Amino acid sequence: MYARVSTSDQSCERQLADLTGFAERGSFDVMGVFTETASGTRANRAERAKIMNLAQAREIDAILVTELSRWGRSTQDLLDTLHRLAGWNVSVIAVSGMTFELHTPHGRMMATMLAGIAQFERDLISERVKSGLAAAKARGKKLGRQPGQRPKSDKLAPKVMAHIAEGRSYRWIARDLGISKNTVTEIVKRHRENP
């Protein structure tokens, strides 16, 4: 069973309860439960990769998902992974009861259609977020990191300035303290402005 969830505990619990109930009703033997909080648009999703490895090793016959859109990050990604799974005789089954088996014309049509709708929904969400950010910016809202205290760099400032006094390079200081060269530059700049 695979669920990609938001960081909300309630959402996670609801999706897992839906999947567990569906598995019980369908008499599936559950080999594992995999949850992922990574963005669905990210290519590197560790839990999905584990499932793909199980499928390739032929240790599973089906993957239960809450929604098809939770499995693929884009239409192309979804179809690619469904094709790979079909080659290993592994089905993807949504809680709605739809089975996506690409060796049947019906399965290919449904997967393509639903993947297109899922991509459309993701694109709409992205547009709404961009629109909201633009509206906030137009109202004068400052976006991004706000000026103020930076606990880590403020804590390291005395060490940075001591190394500067010793004549060390910004790059050497950054490597020695495990921070970026830009952070070293900002600490020195703030110290010179407010000694």
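Quick note: residue numbers are just sequence positions, from 1. Just so we're clear, the structure is a prediction, and the values are computed from it rather than from any experiment.
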remark   = dist R14:CZ -> T66:OG1 (nearest 0.5 Å) comes out at 8.0 Å
query = Charged N to carboxylate O under 4.0 angstrom, R190 versus D154?
reply = yes
task = Applying salt bridge (charged side-chain N to carboxylate O under 4.0 Å, His left out), name anything that partners K50, two or more places apart in sequence or on another chain.
result = E47
request  = Say whether, by atom type as modelled, one donor and one acceptor occur between the side chain of R25 and the main chain of G21 under 3.5 angstrom.
outcome  = yes
side-chain contact (heavy atoms from CB on, under 4.5 Å) partners of R175, counting only residues at least two apart = R171, W172
inquiry  = Using a 3.5 Å distance criterion without hydrogens, assess whether the side chain of T183 forms a donor-acceptor pair with backbone atoms of I179.
reply    = no
ask   = Taking only residues two or more places apart in sequence or in another chain, which ones pass side-chain contact (heavy atoms from CB on, under 4.5 Å) with E24?
value = T20
note = Taken in chain and number order and not counting sequence neighbours, the residues that satisfy side-chain contact (heavy atoms from CB on, under 4.5 Å) with L54 are F34, E59, I60
remark   = To the nearest 0.5 Å, atom CG of L64 lies from atom CG of D18 at 12.0 Å
note = Taken to the nearest 0.5 Å, the spacing of D77 CG from L82 CG works out to 9.0 Å
query = Which value, rounded to the nearest 0.5 Å, describes the distance between D61 atom CG and D29 atom CG?
reply = 9.5 Å
ask   = NZ/K159 to CD1/I173 distance, rounded to the nearest 0.5 angstrom?
value = 12.5 Å
task = Please list, chain by chain and in numerical order, all residues satisfying side-chain contact (heavy atoms from CB on, under 4.5 Å) with A157, sequence neighbours excluded.
result = I187
Run the side-chain donor-acceptor check on residues 129-137: report pairs under 3.5 Å with partners two or more places apart or on a different chain.
none

inquiry  = Closer than 4.0 angstrom, basic N to acidic O: yes or no for D123 and R128?
reply    = no
request  = Rounded to the nearest 0.5 Å, what's the gap from CZ on R48 to CG on N53? Could you check?
outcome  = 11.5 Å
